Amino acid sequence: MKYHIVTYGCQMNVHESEKIAGLLRGVGYTEEAPVEEADIVVFNTCCIRENAENHAFGNIGALKKLKRRKKGLLIAVGGCMAQEAGKAALLVKKFPFIDIVFGTHNVAELPALIARKKQEKKVVSLLEDRAETEDGAQAFRTSYPNAWVNITYGCNNFCTYCIVPYVRGREKSRAADRILEEAEALVAAGYKEITLLGQNVNSYRDNDTDFPALLDRVASIPGKFRLRFMTSHPKDFSERLVAVMKKHDKICNLLHLPAQSGSSRILSLMNRRYTREQYLADVALFKKEIPDGEITTDLIVGFPTETEADFEETLSLVREADFSSAFTFIYSPRTGTKAATMDGQIPEEVSKERIARLIEQVNENTRRKSEKYVGKTIEILCEDYDAKKGLYLGREPLGRMGYFKSDKHCVGEFVNLKVTRANGVSLYGDLV
Ligand code: SAH
Ligand code: SF4
Ligand code: F3S
């Protein structure tokens, strides 16, 4: 039997889809296939912004005909949108051909739900919070040479715009020993890059082990591999974290530190619990200790009551913090969050005009910083071969993509590249 998984949203979901694949492979779905050939289609959804939901609605709806034609085809919907209050009911009402709905805490129960569905006629649904952090699901990894490792689940921060704490539940840290075991096994299996995942890795805690201590332990595993982590919340950023980054060459000197806004007034309304000044102090500390390091960020425009002056503070933050790149978003009201009911919602035209200016500023930073690489030699971890371009590609430690020609298959290998040309976050060069 064949499966097809459609993934929306963040790295967390990408890795969860690897777990879903592992679970399906455990119950007889032996092969991934295009949607038309699949015996089960799983949608792993996201609800962080309205457009993420619209995508999923569109794609699920598009299966209506296939489902009618193909008796026995199972359609399962999981992820953050399935977990959102009232959404599961809406999904099933809109798309009565859905067979299974499963929540963000119930991924490991998908095989049992499939078995149940084969007995029952009506939709089978499970949306229950589970306390454990080990679900026993073996990921079927598809991102070699990179591997994702969860360290925390959920979030306690309740940023006022954000739905994650509602759909992912309270923050839970995995036991440090389990994380170490998983990372050691990955290195032994030949993975060359490990990314530790959590909504706010800096608040990780297992008894005496906090995030810097955990990072130190993972980075001490012998062997050549790169270590990355995301996401760091600025409110919990610490000198000790920077010290551990400095101590280990394995830890990439790239810090993803979402600022969200450059205006302290807006940050306070967002419940981010730091000011512009504190954020810039973190940036300064990082740059002083790790001068060749770089910072990337997430930014939201059009948060309720954001004025032109507030927005200009976000623009100037991009210059002052010297971000090498940024994910930029138009604020999207999420039902149930505090910001959705705030006065002063910003008209879409205003947000659109702001985000265009913001992207221009971010691109300017990216260009300027990437151009400095021309003529330099960088280390690339080769990730893939682009058949269309006829080039191999992979990332340098600070996250830029490097493209190059090679006579031999080199996916999974570290290679040195002399950069001849830069284009945004892409670098082109020759092997040395
Ligand atoms: N836990 C991470 C981010 C998770 S969501 C952190 O705290 O940084 C990824 C990004 O989506 C956020 O950083 C934020 O910039 C954006 N985002 C979250 N909710 C949003 C909303 N309602 N509208 C627009 N962007 C949003
Ligand atoms: Fe959302 Fe804030 Fe938690 Fe990040 S820290 S997931 S933005 S509530
Ligand atoms: Fe990730 Fe989207 Fe959920 S960003 S945590 S998949 S709401």
Side-chain angles (χ1 to χ4, degrees), residues 6-17 20 43-56 77-85 87 103-105 107 148 150-172 196-204 229-237 255-262 266-267 269-274 279 282 295-304 306 314 323 326-342 345-346 348 351-352 354-355 358 362:
V6 189
T7 309
Y8 309 84
C10 61
Q11 309 305 359
M12 205 85 67
N13 258 22
V14 172
H15 182 42
E16 231 132 69
S17 287
I20 292 171
F43 291 92
N44 191 11
T45 62
C46 170
C47 58
I48 197 85
R49 286 169 289 275
E50 195 185 354
N51 53 14
E53 296 200 324
N54 290 344
H55 266 143
V77 183
C80 292
M81 187 170 139
Q83 191 69 49
E84 207 185 330
K87 273 285 150 71
T104 54
H105 307 273
V107 172
W148 317 105
N150 292 115
I151 67 163
T152 66
Y153 297 101
C155 182
N156 290 344
N157 289 317
F158 290 94
C159 301
T160 55
Y161 50 81
C162 184
I163 197 157
V164 171
Y166 302 91
V167 292
R168 290 274 174 175
R170 294 295 62 70
E171 186 182 277
K172 293 178 274 213
L196 305 180
L197 288 179
Q199 292 300 348
N200 175 12
V201 291
N202 291 342
S203 65
Y204 174 85
F229 56 89
M230 67 186 304
T231 297
S232 282
H233 194 302
K235 81 174 167 58
D236 301 315
F237 182 73
L255 181 67
H256 184 61
L257 195 67
Q260 313 301 358
S261 169
I266 295 293
L267 287 170
L269 287 175
M270 287 177 163
N271 190 31
R272 289 290 287 180
R273 289 175 274 180
Y274 53 85
Y279 184 89
D282 288 347
I295 299 178
T296 56
T297 201
D298 293 351
L299 298 165
I300 296 176
V301 303
F303 186 84
E306 183 186 75
T314 300
F323 298 125
F327 295 107
T328 54
F329 307 108
I330 290 180
Y331 166 71
S332 171
R334 306 283 69 210
T335 307
T337 62
K338 205 166 166 197
T341 56
M342 283 180 184
Q345 301 285 328
I346 305 296
E348 205 183 336
S351 295
K352 279 193 170 157
R354 285 181 188 163
I355 202 167
L358 183 61
V362 169

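Only a predicted model underlies this, so the values are computations on that prediction, with no experimental measurement involved. Each ligand, and each atom within it, is numbered from 1 in the order the structure gives.
For ligand 1, the polar-atom distance check finds no N/O of His233 at less than 3.5 Å from any of the ligand's N/O atoms. At a 3.5 angstrom cut-off on N or O pairs, Ser332 counts as close to ligand 1.
Looking at every heavy atom in both residues, Ser261 comes nearest to Leu299 through N-CD2, 4.3 Å. In terms of heavy atoms, Ile266 sits closest to Glu306 at CD1-CA, 3.8 Å. Across Asp282 and Pro234, no two heavy atoms sit closer than the pair OD2-O, 3.3 Å. Shortest non-hydrogen contact noted between Pro304 and Gln345 is CG-NE2, 3.5 Å.
Side chains of Cys159 and Arg272 form a contact here, defined as non-hydrogen atoms less than 4.5 Å apart. At least one side-chain heavy atom of Arg334 sits less than 4.5 Å from a side-chain heavy atom of Glu53. Taking 4.5 Å as the limit, every side-chain heavy atom of Val362 sits out of range of all side-chain heavy atoms of Phe323. Side-chain contact between Cys47 and Lys87: absent, with no pair of heavy atoms (C-beta onward) separated by less than 4.5 Å. Under the 4.5 Å side-chain criterion, counting only non-hydrogen atoms from C-beta, Arg168 is not in contact with Cys155. In this structure, Met270 and Tyr331 have side chains that are not in contact, with every pair of non-hydrogen atoms separated by 4.5 Å or more. In this structure, Met342 and Thr160 have side chains that are in contact, with non-hydrogen atoms separated by less than 4.5 Å. Proximity of Thr104 to Tyr153: side-chain heavy atoms (C-beta onward) are nowhere separated by under 4.5 Å.
Contact annotation: for Phe329 versus ligand 1, heavy atoms closer than 4.0 Å belong to the side chain alone. For Arg49, every heavy-atom contact with ligand 1 shorter than 4.0 Å involves the side chain, none the backbone. Of all the heavy atoms of Pro258, the ones lying under 4.0 Å from any atom of ligand 1 belong exclusively to the side chain. In Arg272, the part holding a heavy atom less than 4.0 Å from any atom of ligand 1 is the side chain. Only the backbone of Phe158 comes within 4.0 Å of ligand 2, judged by heavy-atom distances. Contacts of Pro165 with ligand 2, taken as heavy-atom pairs under 4.0 Å, involve the side chain alone.
Atom 19 (N) of ligand 1 has its closest protein heavy atom at Tyr161 CD1, 3.3 Å. At the top of the distance list for atom 5 (S) of ligand 2, counting protein heavy atoms only, stands Asn157 ND2, 3.3 Å. For atom 2 (C) of ligand 1, the closest heavy atom belonging to the protein is Gln199 O, 3.6 Å. From the protein, the heavy atom lying nearest to atom 10 (C) of ligand 1 is Asp298 OD2, 3.4 Å. The closest protein non-hydrogen atom to atom 2 (Fe) of ligand 2 is Cys159 SG, 2.2 Å. When hydrogens are left out, the protein atom nearest atom 5 (S) of ligand 1 is Ile48 CD1, 3.5 Å; that is the closest non-hydrogen contact.
Under a 4.0 Å criterion applied to the non-hydrogen atoms of Tyr331, ligand 1 contributes the atoms 23 (N), 24 (C). Annotation for ligand 2: atoms under 4.0 Å from non-hydrogen atoms of Cys155 are 3 (Fe), 5 (S), 6 (S), 8 (S). Contact atoms of ligand 1 toward Gln260: 8 (O), 12 (C), 13 (O), 14 (C), 15 (O) (distance under 4.0 Å to a heavy atom of the residue). Below 4.0 Å from some heavy atom of Ile330 lie the following atoms of ligand 1, by number and element: 23 (N), 24 (C). Near Arg334, with a cut-off below 4.0 Å to any heavy atom, the atoms of ligand 1 are 22 (N). Each of the atoms 2 (Fe), 7 (S) of ligand 2 lies under 4.0 Å from some heavy atom of Arg272. Near Cys162, meaning under 4.0 Å from any of its heavy atoms, are these atoms of ligand 2: 1 (Fe), 6 (S), 7 (S), 8 (S). Taking every non-hydrogen atom of His233 and a distance limit under 4.0 Å, the qualifying atoms of ligand 2 come out as 5 (S). Each of the following atoms of ligand 2 lies closer than 4.0 Å to a heavy atom of Tyr161: 7 (S).
Put simply, no part of Val164 is less than 4.0 Å from ligand 1, judged by heavy atoms. At a 4.0 Å cut-off, not a single heavy atom of Arg168 sits close enough to ligand 2 to count as contact. The closest approach between a heavy atom of Asn200 and any atom of ligand 1 is not below 4.0 Å.
Tested against Arg354, the residues Thr314, Ile330, Ile346 include a single side-chain contact (heavy atoms from CB on, under 4.5 Å) partner, Ile346. The side chain to side chain donor-acceptor pair (under 3.5 Å) test with Asn200 is passed by exactly one of Asn156, Asp236, Thr231: Asp236.
Under 3.5 Å, the side chains of Asn157 and Lys235 contain a donor-acceptor pair of N or O atoms.
Atom NZ of Lys338 sits in a sparse spot, with 12 or fewer heavy atoms from other residues, nucleotides or ligands closer than 6.0 Å.
Here CD1 of Ile300 is found 11.5 Å from CG of Leu358. Values are rounded to the nearest 0.5 Å. For the atom pair NE2 of His233 and CD of Gln260, the computed distance is 7.5 Å after rounding to the nearest 0.5 Å.
Sorted by chain then number, the residues whose non-hydrogen atoms approach ligand 3 to under 4.0 Å are Cys10, Asn13, Cys46, Cys47, Ile48, Cys80, Arg168, Gln199.
By the 30° and 60° cut-offs, the orientation of the rings of Phe303 relative to Tyr161 is perpendicular.
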